[in-house]
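The basis for the numbers below is simple: all heavy atoms, side chains too, and nothing from hydrogens, waters or symmetry mates.
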Amino acid sequence: MSPRRNRPRRDDNANLDADRVRQGVASVQQWTDGAWQVRGIGAGASVKTYRCPGCNQEIPPGVAHLVAWPADGLGDLTDRRHWHSGCWRARDRRGPAVQRGRGAPRY
């Protein structure tokens with residue numbers, strides 16, 4: 001009888017693409033406003049500060065979030081938006097964010 005192998009083979013992890021591991025795998029999600037390409041960004045890959053369009057708060061470096069852009073292929077890099085994961089999931093339940101000045105009434 002041969003001994004049992006306790007460690008995984010090194011060949012199993014050799015075919016991973018470094019960019020896909022770092023940036024995540026894009027998926028297409030259908031929403032009421034169309035199809036969107038969505039890619040998760042891990043905390044280690046997040047190195048810049050972004051502003052979430054869902055809550056208008058900053059996403060600091062080192063925070064996991066996601067990037068979404070239209071799936072129609074007509075846009076360019078300027079159409080990508082970085083979202084908090086919770087804001088992206090709740091975006092169809094929110095109203096539009098209204099920017100008010102300090103002296104504006106809140107009604």
Counting C-beta onward and ignoring hydrogens, is there a side-chain heavy-atom pair between Lys48 and Pro61 closer than 4.5 Å? no
Minimal heavy-atom distance between Pro60 and Thr49, with the atoms involved, is CA-OG1, 4.3 Å
So do Arg81 and Pro53 actually touch side chain to side chain, heavy atoms under 4.5 Å? yes
Please identify each residue that fulfils salt bridge (Lys or Arg N to Asp or Glu O under 4.0 Å) with Arg51, with sequence neighbours left out. Glu58
Could you tell me whether Arg91 sits above the aromatic face of Trp36, with NZ or CZ closer than 6.0 angstrom to the six-membered ring centre and within 45 degrees of the axis? yes
Go through the steps to decide whether Gln57 and Cys52 satisfy the test side-chain contact (heavy atoms from CB on, under 4.5 Å), and finish with yes or no. CA-CA 6 Å; Gln57 299 294 317; Cys52 174; 5.5 Å; no
Minimum side-chain heavy-atom gap Arg80-Gln37 below 4.5 Å: no
Would you say the rings of His65 and His82 are close, in the sense that their centroids are separated by under 6.0 Å? yes
In the hydrophobic clustering that connects Ile, Leu, Val, Met, Phe, Trp and Tyr at side-chain heavy-atom distances below 4.5 Å, which members other than Tyr50 occupy its cluster, ordered by chain and number? Ile59, Val63
Could you give the distance from CG (Leu66) to CH2 (Trp83), rounded to the nearest 0.5 Å? 9.0 Å
Which pair of heavy atoms, one from Gly54 and one from Cys87, lies closest together, and at what distance? CA-CB, 4.3 Å
